[in-house]
Enquirer: 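The structure under discussion is supplied below as structure tokens; questions concerning it will follow.
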Amino acid sequence: MFVFVQGSINLITKALAAVGCKMQLLPDPTAVHYHLPDGLSVRVHRKFEDFLVELTGYFPHEKEGISQFYNECWKVFNSLNSLELKSLEEPLYLFGQFFKKPLECLTLAYYLPQNAGDIARKYIKDPNLLCFIDAECFIVSTVNALQTPMINASMVLCDRHFGGINYPVGGVGGIAKNLAKGLVDYGGTISYKANVTDIILENEKAVGVRLSDGRQFYAKKIISNATRWDTFGKLLRTEKLPPEEKNFQRLYVKAPSFLSIHMGVKEEVLPLDTDCHHFVLEDDWARLEEPYGSIFLSIPTVLDSSLAPEGHHILHIFTSAWIDDWKGLSQKDYNIKKEAVADEIVNRLEKTLFPGLKEAITFKEVTFVNLLL
């Protein structure tokens, strides 16, 4: 989900502004529409107050607890938003920020070791509402609230309301195109089809990169946009990892991979009031973190119909999976399993959201995205 908001912590907004680029945006009235067990259907509205009213309608006995939990999220978010946010993991940078915003930094320091689940349990007792908080955190971190840092949860759960979520006209591909154009306009050079194989170190400091064709590039600052696991597992060899990174990899669990389905469907299968983003866990809270248990669904053509041929919608569906379940399969068995899992996901969406979905499909592509790198 690529979004634009007004706050200082949204990196896409900041990156585009840094290279003097703007994009035409479409406001999304609903950040996500939850479809959860026991008929719990909650829309996260653009306006925070409207979201609170809807959620409290399902849990009127927890009105005060709901308000207190999300108020703590806002306390964290407002502290983050007041800083020129670059890194929460660089001590020297944070030390410099402390003298500019001491109260905000102390607030963040207080919440840094805490998780969202423990904070929620200070105010909320209803088990189904706590499960809802788990779902809120799962879309942030792919783990439950007890495993999601409070700072991470607050950043996303409040950012979606601070100025609202806005979708780029023409699709998210325009983000990369605009960033590339802006970098070139500002005097930068982009080398395409340049496969980086190594980060070059001198005196334990990154000074350059080596490409697969043997070329080497040096600079004062080396920035990796690869995943953390690729950066420190492939581009920087394990024996060269700094102690703090070794400690991080020892403590933190890698995220699951994802089965991704892209589909084109006839527009009549979607009700007129269909939201853009959905999260589906229709029958059993216990399946939240299980492979294929939760379904993420994005329908960008709800906001921008120009992305699909006339009379059609685009559906991007993905669900968490573990690579271990797919290891050792032949290409034939891999394809069979991939299609079987995808068919089950589509059947669930047809039953829960869109009757007649299977017959309305005009295009379907299933891919497995391995994030365990």
Enquirer: Which donor-acceptor pairs under 3.5 Å do side chains of residues 171-183 form with protein atoms, sequence neighbours excluded?
Expert:
unit_1	atom_1	unit_2	atom_2	d
N178	ND2	G174	O	2.7
K181	NZ	D185	OD2	2.8

Enquirer: Which is it for E339 and K364 under the salt bridge (charged side-chain N to carboxylate O under 4.0 Å, His left out) test, yes or no, and what are the steps along the way?
Expert: CA-CA 10 Å; E339 292 298 329; K364 184 176 75 171; 3.5 Å; yes
Enquirer: Are N115 and R121 linked by a side-chain donor-acceptor pair shorter than 3.5 Å?
Expert: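 N115 vs R121: no donor-acceptor pair found between side chains.
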Enquirer: With side-chain contact (heavy atoms from CB on, under 4.5 Å) as the test, would you mind laying out the steps for V32 and Y34 before giving the verdict?
Expert: CA-CA 6 Å; V32 61; Y34 287 103; 3.6 Å; yes
Enquirer: Please answer whether the main-chain N or O of T107 pairs with a side-chain N or O of S79 as donor and acceptor at a distance below 3.5 Å.
Expert: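 No; judged by distance alone, with no hydrogens or angles, the pair does not exist.
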Enquirer: Mind checking whether W285 and L36 have side chains closer than 4.5 Å, heavy atoms only?
Expert: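 Yes, at least one pair of side-chain atoms sits under 4.5 Å.
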Enquirer: Has E268 got more than 12 heavy atoms of other residues, nucleotides or ligands less than 6.0 Å from its CD?
Expert: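 Enclosed.
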Enquirer: Take L211 and N195 through the test side-chain contact (heavy atoms from CB on, under 4.5 Å) and record every step on the way to the result.
Expert: CA-CA 5 Å; L211 273 56; N195 180 30; over 6 Å; no
Enquirer: Kindly work out whether a path of hydrophobic side-chain contacts (I/L/V/M/F/W/Y, heavy atoms less than 4.5 Å apart) joins I119 to L146.
Expert: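 Hydrophobic grouping puts I119 apart from L146.
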Enquirer: State, with a plain yes or no, whether a side-chain heavy atom of R46 is found less than 4.5 Å away from one of T30.
Expert: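 No. Closest side-chain heavy atoms not under 4.5 Å.
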Enquirer: Flag the pair E282 and R348 as a salt bridge only when some basic side-chain nitrogen lies within less than 4.0 angstrom of an acidic carboxylate oxygen.
Expert: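 So E282 pairs with R348 through a salt bridge.
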Enquirer: Only one of Y292, W326, W322, F258 clears ring pair (Phe, Tyr, Trp, His ring centres under 6.0 Å) with F368; which?
Expert: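 Of the listed residues Y292, W326, W322, F258, the ring pair (Phe, Tyr, Trp, His ring centres under 6.0 Å) partner of F368 is W326.
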Enquirer: Using side-chain contact (heavy atoms from CB on, under 4.5 Å), reason through V209 and D198 one step at a time and then give a plain yes or no.
Expert: CA-CA 6 Å; V209 294; D198 295 281; over 6 Å; no
Enquirer: Is S330 reaching over with its side chain to a backbone N or O of D333, donor-acceptor style, under 3.5 angstrom?
Expert: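 A pair under 3.5 Å: yes.
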Enquirer: Evaluate the criterion salt bridge (charged side-chain N to carboxylate O under 4.0 Å, His left out) for residue pair D324 and K327; output intermediate values, then yes/no.
Expert: CA-CA 5 Å; D324 288 345; K327 286 182 177 178; 3.3 Å; yes
Enquirer: Show, in sequence, the C-alpha distance, side-chain angles and deciding distance for L281 and H35, and conclude whether the side-chain contact (heavy atoms from CB on, under 4.5 Å) test is met.
Expert: CA-CA 6 Å; L281 177 68; H35 309 271; over 6 Å; no
Enquirer: Checking D28 now: which residues fulfil side-chain hydrogen bond (donor to acceptor under 3.5 Å, both in side chains) with it, not counting sequence neighbours?
Expert: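 Residues passing side-chain hydrogen bond (donor to acceptor under 3.5 Å, both in side chains) with D28: none at all.
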Enquirer: Name the one of H262, H278, H277 that satisfies ring pair (Phe, Tyr, Trp, His ring centres under 6.0 Å) with H316?
Expert: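 Among H262, H278, H277, the one that satisfies the ring pair (Phe, Tyr, Trp, His ring centres under 6.0 Å) with H316 is H262.
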Enquirer: Are L307 and L303 in one and the same hydrophobic cluster, where Ile, Leu, Val, Met, Phe, Trp and Tyr link if side-chain heavy atoms are under 4.5 Å apart?
Expert: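 Yes, it is one cluster - the side chains of L307 and L303 are joined through contacts under 4.5 Å.
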Enquirer: State, without any angle test, whether D275 and H33 hold a side-chain donor-acceptor pair at a distance under 3.5 Å.
Expert: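 A donor-acceptor contact under 3.5 Å links the two side chains.
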Enquirer: Cluster question for you: counting only ILVMFWY and a side-chain heavy-atom cut-off of under 4.5 Å, with indirect links fine, are I200 and V196 together?
Expert: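 No, separate clusters.
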Enquirer: If hydrophobic clusters are built from ILVMFWY residues whose side chains come within less than 4.5 Å, do V53 and I133 share one?
Expert: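 No; I133 is not reachable from V53 via cluster members.
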Enquirer: Quick one: are the ring centres of F69 and Y123 less than 6.0 Å apart?
Expert: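 Between Y123 and F69, which both carry aromatic rings, the centre distance is not below 6.0 Å.
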Enquirer: Between the main-chain N or O of K125 and the side-chain N or O of E62, is there a donor-acceptor pair closer than 3.5 Å?
Expert: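 Answer holds: yes.
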Enquirer: Got a sec: does the NZ of K332 have more than 12 other heavy atoms crowding it under 6.0 Å?
Expert: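 Open.
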Enquirer: Could you report the tightest heavy-atom contact between V366 and L259, atom names first, then the distance?
Expert: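 In this case the closest contact between V366 and L259 is CG1-CD1, 3.9 Å.
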Enquirer: Taking atom types as modelled, is there a side-chain donor on S212 or T197 under 3.5 Å from an acceptor on the other?
Expert: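 Judged by distance alone, the side chains do not pair up.
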Enquirer: So if I apply the ring pair (Phe, Tyr, Trp, His ring centres under 6.0 Å) rule between Y70 and each of F77, F132, F51, which one comes out positive?
Expert: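 Of the listed residues F77, F132, F51, the ring pair (Phe, Tyr, Trp, His ring centres under 6.0 Å) partner of Y70 is F51.
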Enquirer: May I ask you to check whether over 12 heavy atoms, not counting those of K337, lie within 6.0 Å of atom NZ?
Expert: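 Yes - once you tally the heavy atoms of other residues, nucleotides and ligands closer than 6.0 Å, there are more than 12.
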Enquirer: Within the supplied structure, the quantity of interest is the number of heavy atoms (other residues, nucleotides, ligands) at a distance under 6.0 Å from K338 NZ; does it exceed 12?
Expert: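 For K338, atom NZ is crowded (more than 12 foreign heavy atoms under 6.0 Å).
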Enquirer: Applying ring pair (Phe, Tyr, Trp, His ring centres under 6.0 Å), can you list everything that pairs with F48, at least two apart in sequence or on another chain?
Expert: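 By the ring pair (Phe, Tyr, Trp, His ring centres under 6.0 Å) rule, F48 matches W74, H161.
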Enquirer: Say whether, by atom type as modelled, one donor and one acceptor occur between the side chain of D38 and the main chain of L40 under 3.5 angstrom.
Expert: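 Not confirmed, D38 side chain does not pair with L40 backbone.
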